[in-house]
Amino acid sequence: MAAQIITPRDQDYSQWYQDIITRAELAEAAGVVRGCMVIRPHGFAIWEKIQADLDARLKATGHKNASFPSLIPMSFLQKEAEHVEGFAPELAVVTEAGGKKLEEPYAIRPTSETIIGHFFSKWIDSHRDLPLLINQWANVMRWEMRTRMFLRTSEFLWQEGHTAHATHAEAKEEVARMLDVYRDTLHDVLAVPVIRGIKTANERFAGAVETRTIEAMMQDGKALQCGTSHDLGQNFGKAFDVQFQNAEGQREYVWQTSWGVSTRLIGALIMSHSDDDGLVLPPKLAPIHVAIVPIYRKDHERAAVMEAANRIAGELREDGLTVEVDDREGMKPGAKYYHWEQRGVPIRLEIGPRDLEGECVMAKMRISEPDERGRPMKESLPWKDLGLAIGKRLDAFQTKLYDDALARRVAKEVSVDSWDDFADLFKGEGDSSFVWAHWDGTSETELAIKAATKATIRCIPYEEDGPAAEPGVCIKTGQPSAQRVLFSKNY
RNA sequence: CGGGGUGUGGCUCAGCUUGGUAGAGCGCUGUGUUCGGAACGCAGAGGUCGGAGGUUCAAAUCCUCUCACCCCGACCA
């Protein structure tokens, strides 16, 4: 009888989320530092894989990595009025260093537009210096009032891109390009389908002219903002005096962009694919692809089985797979199955005396339908060309996770035209879905809807990512609307 | 910042009302039997009860102060 270690989703979704993180050893609350977490090796390995993939994409689009100080003079933050207003409440500030009170306090960076703006102004003189395409992998600190592991912690890891361009049109292209890079990463690597769109003024980044977003639906129907890309216009250019001389010899302010994704993506991963048995990882991000569980009773069996297990592991490693042989003594095979399933290992191989005779192994995918007897479906695979067979199954698994996540989202997407229907969808505490509805375009209406239902406008969708554009009337006020926007409760 | 809660072996907690030898389960160490979906026996190790002060012959327990963390609301990747 299986011990109920992970709280089922339908019983307590948020406890389930915590349990997954704990059991998979992804992270734990730091405890000694408010709102911070420790990302454990298994969680960090996933982050490193996301990083590696995304970093290659950023370089392929012409960006270069750099590193700026994690402390920012307070006066820098105050140079852009909306920016400081947005971030001031959540700043951690250093007022003393080296045993002395500082002349001017430093903020621990909540984001780096200001300090990078400062250096851009030093580095940019001519239109020939543009575009300037910089990325930084960094930690940032935002003293949030309420934290949740990976989704919102006081300190988190991210990448922040910062670019400067000669024209607004060019900057806008960059904003769109980078949002698509994020979309591609989420689709191809995380296997998380997203909707691209534009944020309303209420949800816009502090200091931006326009904020674009990718929004994913979690299994409970709530939205998670997975990445953003901002058109900063000339706001920071003016605040930090970032000017260049154009080909005609005139001085102009640069047009800037910034964009980022964070360790929140790991939260998105968990809440997109995992089940009541534990973490589920897409093969492209799994730190361990294959776990091999040897099965034996007697000593002579053990020797033969271990020999075969290690030999197979070696062969699979040569095929480029990461393989773990679970040779722990005194632990029954069943316990080992659960161990690796909770950690999200995509495929498990069992090898025992029976398999030695047939020169095969039993393979079990992390997610599989039950067989005729209601037991987990397993498949016998020959030793010959095992790496090939596993590779195929991992590819199929990667695709399946995306398809399943998309299907779940589509099942919870709905267009509504009456306020009663709308309110009904968000009635209960945990009720949420992706609701496409008309909106009159005003902040007042958006806020009124939020106050009534806790649902907010996640984005005004890209044409290709939302329902076909058709005019209508606002769900709340009856005023005219050009297109439907995406409403949901969010994390 | 408002409201609530919790601090006791590594983890989850009991003990506190009614002061009197610091406990359980899990985990850990050793050992033997087990081993194809979460095994069991035996023997062990491990705790200044968040901190400071007070009351008392005696404080995990009562009182005062304090610190930290967690949860619920308003902000955010």
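Chain letters run A, B, ... following the sequence lines, proteins first and then strands; every chain starts at 1.
Note: CD1 (A:Ile295) to P (B:rA38) measures 12 Å, nearest angstrom. Taking atom CD of residue A:Glu350 and atom C1' of nucleotide B:rC35, one finds them 13 Å apart after rounding to whole Å. In this entry the distance linking CD of A:Glu301 with P of B:rU34 reads 12 Å, nearest Å. Taking atom CE on A:Met141 and atom P on B:rA77, their separation rounds to 17 Å, with Å as the unit. Between the C1' atom of B:rA77 and the CZ atom of A:Arg212 lies a distance of 18 Å, rounded to the nearest Å. Between the CG atom of A:Asp19 and the C1' atom of B:rU12 there is a distance of 12 Å, given to the nearest Å. Put simply, CD on A:Gln225 is 10 Å from P on B:rC76, counting in whole angstrom units.
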Next on the checklist: For a side-chain hydrogen bond (donor to acceptor under 3.5 Å, both in side chains) check, start with the C-alpha distance between A:His230 and A:Thr211, then their side-chain angles and the critical distance, and finish with the verdict.
Outcome noted: CA-CA 4 Å; A:His230 313 295; A:Thr211 288; 2.8 Å; yes
Checklist entry - Could you go step by step and tell me if A:Glu82 and A:Arg204 meet the salt bridge (charged side-chain N to carboxylate O under 4.0 Å, His left out) rule? => result CA-CA 11 Å; A:Glu82 282 185 27; A:Arg204 193 144 63 206; over 6 Å; no
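Going from the P atom of B:rA59 to that of B:rG51 covers 15 Å, rounded to whole Å. For the C1' atoms, the distance linking B:rC49 with B:rA38 amounts to 33 Å, nearest Å. Atom name C1', nucleotides B:rU61 and B:rG23: the rounded distance is 15 Å, in whole Å. Nucleotides B:rG50 and B:rC72, compared at atom C1', are 24 Å apart to the nearest Å. Taking atom C1' in both B:rG19 and B:rA60, one finds a spacing of 10 Å when rounded to whole Å. Nucleotides B:rA58 and B:rC13 have their P atoms positioned 34 Å apart, rounded to a whole Å. Straight-line distance between the C1' atoms of B:rG47 and B:rG15: roughly 14 Å, to the nearest whole Å. Using atom P as the reference point in both B:rG4 and B:rG9, the two lie 27 Å apart (nearest Å).
For B:rA77, the base has no donor-acceptor partner in the side chain of A:Glu160 [N/O atoms by modelled type, under 3.5 angstrom]. Judged by atom type and distance alone, A:Arg152 reaches the base of B:rC76 through a side-chain donor-acceptor pair under 3.5 Å. Side-chain N/O atoms of A:Lys378 and base N/O atoms of B:rG37 include a donor-acceptor pair closer than 3.5 Å. Applying the 3.5 Å distance criterion, the base of B:rG37 shares a donor-acceptor pair with the side chain of A:Arg348.
Both thresholds, 5.5 Å between centres and 30° between ring planes, are met by A:Tyr338 relative to the base of B:rA38, so the two rings are stacked. B:rA77 has its base stacked against the ring of A:Phe156, the centroids being under 5.5 angstrom apart at an interplanar angle below 30°.
For the pair A:Arg348 and A:Tyr337, the cation-pi test (distance below 6.0 Å, angle within 45°) is passed.
Between A:Lys427 and A:Asp424 a salt bridge is recorded (basic side-chain N to carboxylate O distance below 4.0 Å). Taking the charged nitrogens against the carboxylate oxygens, A:Lys364 and A:Glu341 do have a contact shorter than 4.0 Å, which makes a salt bridge. Looking at A:Glu315 and A:Arg311, a side-chain N of the basic residue comes within less than 4.0 Å of a carboxylate O on the acidic one, giving a salt bridge. A salt bridge is absent between A:Asp19 and A:Arg23: the closest approach of a Lys/Arg side-chain nitrogen to an acidic carboxylate oxygen does not fall below 4.0 angstrom. Using a 4.0 Å cut-off between a side-chain N of Lys or Arg and a carboxylate O of Asp or Glu, A:Glu446 and A:Lys476 do not qualify as a salt bridge.
The residue A:Glu144 sits close to a base: some heavy atom pair falls under 4.0 Å. Residue contacts for A:Pro110: at a heavy-atom cut-off of 4.0 Å it reaches no nucleic acid atom on any strand shown. Within the 4.0 angstrom heavy-atom criterion, no nucleotide atom of any strand lies near A:Glu28. No contact: A:Leu224 has no heavy atom under 4.0 Å from any strand. Using a 4.0 Å heavy-atom cutoff across all strands shown, A:Lys298 reaches no nucleic acid atom at all. Residue contacts shown for A:Arg354 include a base, since a base heavy atom lies under 4.0 Å away. Contact annotation for A:Gly352: base contact, defined as any heavy-atom pair under 4.0 Å involving a base atom. A:Thr211 comes within 4.0 angstrom of nothing in the nucleic acid, heavy atoms only. Among the protein residues, A:Phe87 comes within range of no part of the nucleic acid, since none of its heavy atoms lies under 4.0 Å from any strand. At the heavy-atom level, A:Gly35 lies under 4.0 Å from the strands shown only through sugar-phosphate atoms.
Between A:Gln18 and A:His230, the residue anchored nearer the 5' end of RNA chain B, judged by the nucleotide with its closest heavy atom, is A:Gln18. Both A:Lys454 and A:Glu329 lie near RNA chain B, and the one whose nearest nucleotide falls closer to the 5' end is A:Glu329.
Sorted by first then second residue, the salt bridge (Lys or Arg N to Asp or Glu O under 4.0 Å) pairs that include residues 136-145 of chain A, not counting sequence neighbours, number zero. Annotation: salt bridge (Lys or Arg N to Asp or Glu O under 4.0 Å) contacts involving residues 43-54 of chain A, sequence neighbours excluded, comprise A:Asp53-A:Arg57.
Picking from B:rA77, B:rG37, B:rC35 the nucleotide with the shortest atom distance to the side chain of A:Glu341 gives B:rG37. With B:rG36, B:rA77, B:rC75 as the candidates, the nucleotide lying closest to the side chain of A:Ser262 is B:rA77. Checking B:rC75, B:rG36, B:rA77 against every side-chain atom of A:Pro353, the shortest atom distance belongs to B:rG36.
Residues forming a side chain to side chain contact (heavy atoms under 4.5 Å, CB included) with A:Lys454 (at least two apart in sequence, or on another chain): A:Glu429, A:Lys489. Take A:Ala81 and apply the side chain to side chain contact (heavy atoms under 4.5 Å, CB included) test, not counting sequence neighbours, and it matches no residue.
Aromatic ring centres of A:Phe240 and A:Phe76 lie closer together than 6.0 Å.
In RNA chain B, runs of at least 3 stacked Watson-Crick or G-U pairs (N1-N3 plus N6-O4 or O6-N4, or N1-O2 plus O6-N3, all under 3.5 Å) give these stems: B:1-7 with B:67-73, B:10-13 with B:23-26, B:28-33 with B:39-44, B:50-54 with B:62-66.
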Contact list (N/O, under 3.5 angstrom) for nucleotides 39-46 of chain B vs protein:
none

